[in-house]
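Have a look at the structure below before the remarks.
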Amino acid sequence: MSKVITAPKQLDFRPADLPAMDKPGKLLMVRPTHFSIDYVINPYMKEHVGDVDKAAAAQQWEGVRDAFRQTSMKVHELEGQPGLPDMVFCANQSLPFRDDNGEKEVIMSIMYSANRKPEVAPVEEWYAAQGYQRHHLNYKKINSFEGMGDALWHPGRKLLWGGYGFRTSKAAYGFITKTFDVPAILLELRHPEFYHLDTCFCALNETTVLIYPPAFTKNGLQMIRKMFSEVLEAPKEDALHRFACNATCPDGRHVVIQKASTETVEQLQKHGFEVIEVETGEFIKSGGSVFCMKMMAW
Ligand code: ARG
């Protein structure tokens, strides 16, 4: 069912009615060797140009990797590239998919800012080596698409949640839904601090999502509440300063999240999740945390 959904009344199905999608068993991470803050493309970076503690970043990156390993996900490590300081945020260069025949496919991104455009090619090489069929958006028609920064799979289902407004063009979702033959529910983003969907929306399992409500329109919130029976809300301090909604639940049970989001962690535990807290402060300076630092794959 390929369909772009923009209003609650179009939601005449439940996620459980849609075909299942195999859980990803691998995560890709890009090593932070060349991570730095050299330019400003989001509000967080403004105060931190030239201000990354490289040794701390390396240590934090390893902490995130080890937390993922604790969840029994297999982590693939890719070396970063000189001159591409944001490549470490490898949620953004692609959107992978597994079709009904078990074939692995991927749509490669068109990054919004010129600084990040060259990150796509080295990530595409990795997919080629992993046996993925690769698809490309028409860059003459689509301005930008930032992969799993904005396009997020509903856990376990062939259903996409598609953020747009800052980094991804709404128009990209027509091609994406047709290519993968899946529906996408579009969510307009309203605040520059929550410029990617993964900064304010974290689907934890098929029925539970963690969000920061003020990042969405009324329409968007209605669609989220219609499709998830449990909607956990991160308080402003956790969402803004600790990127709590940029957590990751790779296996439906463990949630890897930036440290000290106390209120959010309490809610997660109340709902039966096992929380693994990590420190990602150096990466938050650049506007990203746990979710942005990995790509799920098969
Ligand atoms: N500095 C990067 C940028 O602005 C951070 C990307 C964070 N990634 C994410 N998926 N939210 O593009």
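All values below come from the heavy atoms of this structure, side chains included, with hydrogens, waters and symmetry mates left out. We count residues from 1, following the sequence as given. Model, not experiment: these values are computed from the prediction. Atoms within each ligand, like the ligands themselves, are counted from 1 in listed order.
When only modelled atom types and interatomic distance are considered, D86 and S286 share a side-chain donor-acceptor pair under 3.5 Å. A donor-acceptor pair shorter than 3.5 Å can be found between the side chains of Q130 and K26.
Each of the atoms 8 (N), 9 (C), 10 (N), 11 (N) of ligand 1 lies under 4.0 Å from some heavy atom of H196. Residue R167 approaches ligand 1 through these ligand atoms, each under 4.0 Å from one of its heavy atoms: 3 (C), 4 (O), 12 (O). The atoms of ligand 1 that sit less than 4.0 Å from any heavy atom of N42 are 1 (N), 3 (C), 4 (O). Those atoms of ligand 1 that come under 4.0 Å of a heavy atom in G149, given as number and element, are 10 (N). Atom numbering of ligand 1 starts at 1 in the shown order; those under 4.0 Å from a heavy atom of D86 are 1 (N), 2 (C), 3 (C).
Between N246 and ligand 1, no pair of N/O atoms sits closer than 3.5 Å. Residue D198 has at least one N or O atom closer than 3.5 Å to an N or O atom of ligand 1.
Side-chain atoms of D198 never come within 3.5 Å of backbone atoms of N246 as a donor-acceptor pair (strictly under, hydrogens ignored).
The six-membered or imidazole ring of Y44 lies near that of F243, with a centre-to-centre distance under 6.0 Å. In this structure, the ring of Y132 has its center less than 6.0 angstrom from the ring center of Y127. Ring centroid separation for the pair F283 and F35 comes in under the 6.0 Å cut-off.
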inquiry  = For Q258 and S289: C-alpha separation, side-chain torsions, deciding distance, then whether side chain to side chain donor-acceptor pair (under 3.5 Å) applies.
reply    = CA-CA 7 Å; Q258 164 61 36; S289 180; 4.6 Å; no

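Residue contacts with ligand 1 for F291 are absent, since no atom lies close enough (heavy atoms, distance under 4.0 Å). At a 4.0 Å heavy-atom cut-off, ligand 1 touches N92 through the side chain alone. Of the heavy atoms in R116, only side-chain atoms (C-beta onward) come closer than 4.0 Å to ligand 1.
For atom 9 (C) of ligand 1, the closest non-hydrogen atom of the protein is C292 SG, 2.7 Å.
Expressed to the nearest 0.5 Å, how far OG1 of T199 lies from OH of Y212 amounts to 10.5 Å.
A heavy-atom separation below 4.0 Å is not found between E146 and ligand 1.
Nearest residue to atom 5 (C) of ligand 1 from P85, C200, S286 is S286 (criterion: closest heavy atom).
Here the rule is salt bridge (charged side-chain N to carboxylate O under 4.0 Å, His left out) with K158, and of D100, D22, D99 only D100 fits it.
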